[in-house]
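Here is the structure we will look at, set down as C-alpha cells.
For the single chain, residues carry numbers from 1 onward in sequence order.
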Amino acid sequence: MRSRRKSFARPGLLAIVLLVALGMTGIGHAAWTDQVYIEGTITTGEWDAGGSMGFWRTWWTHYSEEEMTPWLEDIDAASKWLGPTTIDELDQLFDSAAGGGATMRNRFLGHYMATYLSIVSGRLNVANIHDLTGIAGNGYLDLPNPPPPTLSSIIIAIEGKHPAAPEDSGACWPTSKQFEVMKDICDAINSLQTQPGF
C-alpha cells in the first residue's frame, strides 16, 4: 500500500511542476511581446511600410526617376517646408540633412521629406493613427490626444509650424529643440513597419 501512495505522489508533483512551468512560459511570452511594439508610434488600418531617410537617400534602388519627379512636384505644391522639385535638389536636401554637422532644421527637413515621399508613393496611409505619447515634446504640435491623431493631422500640424510670412524679419521660426521634436516624430513614423491593429 505504501508503494502505491508514492507512485501517485510523483505524478501529482509532476503535474504541479508542469503547471508552474507553463505559467512561467506565459509570463515570459507576455514580457517578450511587450517589447515587440514600436516605441512612440502605433498604427491601425491598412499596412504601413515607412521609408527612412536612409531608404529614400538611395531612392533609385526602389523607384525610377519617372516616378520620383511628379512626386516631388506634388510635395512642392503641398508643403511650405519642402521645395525640391528636381532629383538633384532632393539629393542636396538629403546630403545637408545627414552627417554630424547637420543643423537640426536640416535634419528635420530630411526626415520630413522621407515622410512625404512615403505618403505620395503609397508606403504610408494618411488615414492611419499614430500614438505620439512616447515621443518627448510631442505636445509642441498641439494635437488632440486622445484620440491618437491620423498621419494627415500630423502633417497639417507640422505645416502649421511654418511661419505665415517667412520673409518678415520678425517671423517666428521653430527653435532647434522644436525642430528636433518634429524630426523625432517623422523619424518614428518613417521607421514604421507594422501590421494593422498592432
Can you tell me how far the [atom1] atom of [X] sits from the [atom2] atom of [Y], to the nearest 0.5 Å?
{"X": "W81", "Y": "I158", "atom1": "CH2", "atom2": "CD1", "answer": "9.5 Å"}
{"X": "E89", "Y": "D76", "atom1": "CD", "atom2": "CG", "answer": "8.5 Å"}
{"X": "S152", "Y": "L124", "atom1": "OG", "atom2": "CG", "answer": "12.5 Å"}
{"X": "N106", "Y": "F179", "atom1": "CG", "atom2": "CZ", "answer": "9.0 Å"}
{"X": "E67", "Y": "L72", "atom1": "CD", "atom2": "CG", "answer": "12.0 Å"}
{"X": "S52", "Y": "R57", "atom1": "OG", "atom2": "CZ", "answer": "10.5 Å"}

Would a hydrophobic clustering, with Ile, Leu, Val, Met, Phe, Trp and Tyr connected at side-chain separations under 4.5 Å, put I75 with I87? yes
Verify same cluster id: W173, Y140 (apolar side-chain graph, 4.5 Å): yes
Quiz question: by atom type and distance under 3.5 Å, do the side chains of [X] and [Y] form a donor-acceptor pair?
{"X": "S118", "Y": "T115", "answer": "no"}
{"X": "W59", "Y": "D91", "answer": "yes"}
{"X": "T86", "Y": "D88", "answer": "no"}

Going through the checks in order, is the ring-ring contact (aromatic ring centres under 6.0 Å, His included) test met by Y116 and W56? CA-CA 11 Å; Y116 241 115; W56 286 107; over 10 Å; no
Which of these, T150, I135, L151, sits in a side-chain contact (heavy atoms from CB on, under 4.5 Å) with H130? L151
Among K183, H111, M113, whose side-chain contact (heavy atoms from CB on, under 4.5 Å) with M53 holds? H111
Looking at every heavy atom in both [X] and [Y], which two are closest together, and how far apart are they?
{"X": "P163", "Y": "C172", "result": "CG-O, 3.5 Å"}
{"X": "P148", "Y": "I129", "result": "O-CG2, 3.8 Å"}
{"X": "L82", "Y": "L109", "result": "CD2-O, 3.8 Å"}
{"X": "P149", "Y": "L143", "result": "CG-CD1, 3.9 Å"}
{"X": "A171", "Y": "A165", "result": "CB-O, 3.5 Å"}
{"X": "A97", "Y": "G110", "result": "CB-CA, 3.7 Å"}

Any sub-3.5 Å donor-acceptor pair from T69's side-chain atoms to E66's backbone N or O? no
Flag, side chain of N138 to backbone of L132, donor-acceptor distance under 3.5 Å: yes
All salt bridge (Lys or Arg N to Asp or Glu O under 4.0 Å) counterparts of R105, not counting sequence neighbours: none
For side-chain contact (heavy atoms from CB on, under 4.5 Å), just list the numbers for M68 and L117, CA-CA rounded to whole Å, side-chain angles, deciding distance to a tenth of an Å, and then say yes or no. CA-CA 9 Å; M68 293 289 289; L117 284 168; 4.1 Å; yes
Tell me, with the steps shown, if T58 and W60 meet side-chain contact (heavy atoms from CB on, under 4.5 Å). CA-CA 6 Å; T58 58; W60 58 88; 4.1 Å; yes
In terms of relative ring orientation, are H62 and F55 parallel, tilted or perpendicular, with 30° and 60° separating the classes? parallel
Does NZ or CZ of R107 lie under 6.0 Å from the centre of the six-membered ring of Y112, at an angle within 45° of the ring axis? no
Enumerate the salt bridge (charged side-chain N to carboxylate O under 4.0 Å, His left out) contacts for residues 156-177, please, sequence neighbours excluded, ordered by first and then second residue. D142-K161, K177-E180
